[in-house]
Asks: 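After the C-alpha cells below, expect a handful of questions from me.
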Amino acid sequence: MRYWLMKSEPDEISIDDVLAAPKQTIPWFGVRNYQARNFMRDGMQPGDGVLFYHSSCPQPGIAGIAEVVSAPYPDDTQFDPQSHYYDAKAKREEPRWICVDVKALRKTRLLPLSELRTIAQLEDMVVLQKGSRLSITPVTPGQWKTIATLLKE
DNA sequence: GCCAACGTTGGC
DNA sequence: GCCAACGTTGGC
C-alpha cells in the first residue's frame, strides 16, 4: 500500500468529472513522461491512495481523495492517430505508455498549493520541490497522514 | 502572457 | 556521448 499525488487539469478532468463517471473510475491516460510512467508501472498497486491534484488552474491544490483500482495496462490513446496523446513510435506489441484506473472516493475542500507550502511537515513532499513538474509523485505515509488531518479541519 | 525548470531531440 | 535548440509544464 503506497500513496501518490496525481495531477490533473480540471479543465480536462476534474475530481467532479471522475465522481460523475461510471463507477467513479477513469483510466489515467495521457501520461507521457518516463519518470511518471515508471511510478505507475513499477510502483502502483490496486488499493494505493491518491491525492487528486488540480493543476494549471486558478487555484491549484488537492481537490479530492482517490484510489488506484487496477494494475498498469497499456494506454490506448498512444495508438489512436486522432488522439492528442498519439505516439507514432508506440507499437501494439511493444507499448510505450501505460495507465492505471483511478477511482474517486470523495471530493475534499480545496487544499491550496500555497497552504501546503506553509506546512513544515510537508517540506520534503516531491511536488513541493523547486522545479517539480512531474504529474505523478510519491507521497510518504507521514505526508498522507498530515494531509488527511488538514482535510478534516 | 511570462518565465523558470526540466525533458526530448537530433546533429555532430 | 555531448550539448544546443526546442518543447512542455505549471505557478504566478
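Here is the naming used below: chain letters follow the sequence lines, and residue numbers restart at 1 for every chain.
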Asks: Kindly determine whether A:Asp42 and A:Arg37 satisfy salt bridge (Lys or Arg N to Asp or Glu O under 4.0 Å), including the steps that lead there.
Replies: CA-CA 8 Å; A:Asp42 306 331; A:Arg37 180 202 68 181; over 6 Å; no

Asks: Nearest whole angstrom, please: distance from the P of C:dG10 to the CE of A:Met6.
Replies: 13 Å

Asks: Whole angstrom is fine here: how far is it from CG in A:Leu110 over to C1' in C:dG11?
Replies: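 Checked: the CG to C1' distance equals 14 Å.
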
Asks: Kindly calculate the angle separating the two end axes of the helix from B:dG1-C:dC12 to B:dC12-C:dG1, each obtained from five base pairs, and round it to 10 degrees.
Replies: 10°

Asks: Determine whether A:Ser55 and A:Pro60 make a side-chain contact, defined as any pair of heavy atoms from C-beta on separated by less than 4.5 Å.
Replies: no

Asks: Determine yes or no for a side-chain-to-main-chain donor-acceptor pair under 3.5 angstrom, with A:Ser114 supplying the side chain and A:Pro112 the backbone.
Replies: no

Asks: Just wondering, do A:Glu123 and A:Gln143 contact through their side chains at under 4.5 Å, heavy atoms?
Replies: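 Side chain of A:Gln143 against side chain of A:Glu123, heavy atoms only: no contact under 4.5 Å found.
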
Asks: Is the gap between the ring centers of A:Trp97 and A:Tyr34 under 6.0 Å?
Replies: yes

Asks: Please indicate whether A:Arg41 has more than 12 foreign heavy atoms, meaning atoms of other residues, nucleotides or ligands, lying under 6.0 Å from its CZ.
Replies: yes

Asks: Name the pairs: protein N/O against N/O of nucleotides 4-9 of chain C, kept only if under 3.5 Å.
Replies:
from, atom 1, to, atom 2, distance (Å)
C:dT8, O2, A:Arg133, NH1, 2.5
C:dT9, O3', A:Arg133, O, 3.4

Asks: Output the rounded distance in Å from CD (A:Gln59) to C1' (C:dC12).
Replies: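 About 13 Å, once rounded to whole Å.
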
Asks: Rounded to the nearest angstrom, tell me the gap between atom CZ in A:Arg117 and atom P in C:dG11.
Replies: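 In whole Å, C:dG11 P lies 8 Å from A:Arg117 CZ.
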
Asks: Show your reasoning for whether side-chain contact (heavy atoms from CB on, under 4.5 Å) applies to A:Leu5 and A:Met125.
Replies: CA-CA 10 Å; A:Leu5 181 143; A:Met125 265 189 96; 4.1 Å; yes

Asks: Just do the ring-ring contact (aromatic ring centres under 6.0 Å, His included) check on A:Phe39 and A:Trp28 with the steps written out, would you?
Replies: CA-CA 13 Å; A:Phe39 280 135; A:Trp28 204 270; over 10 Å; no

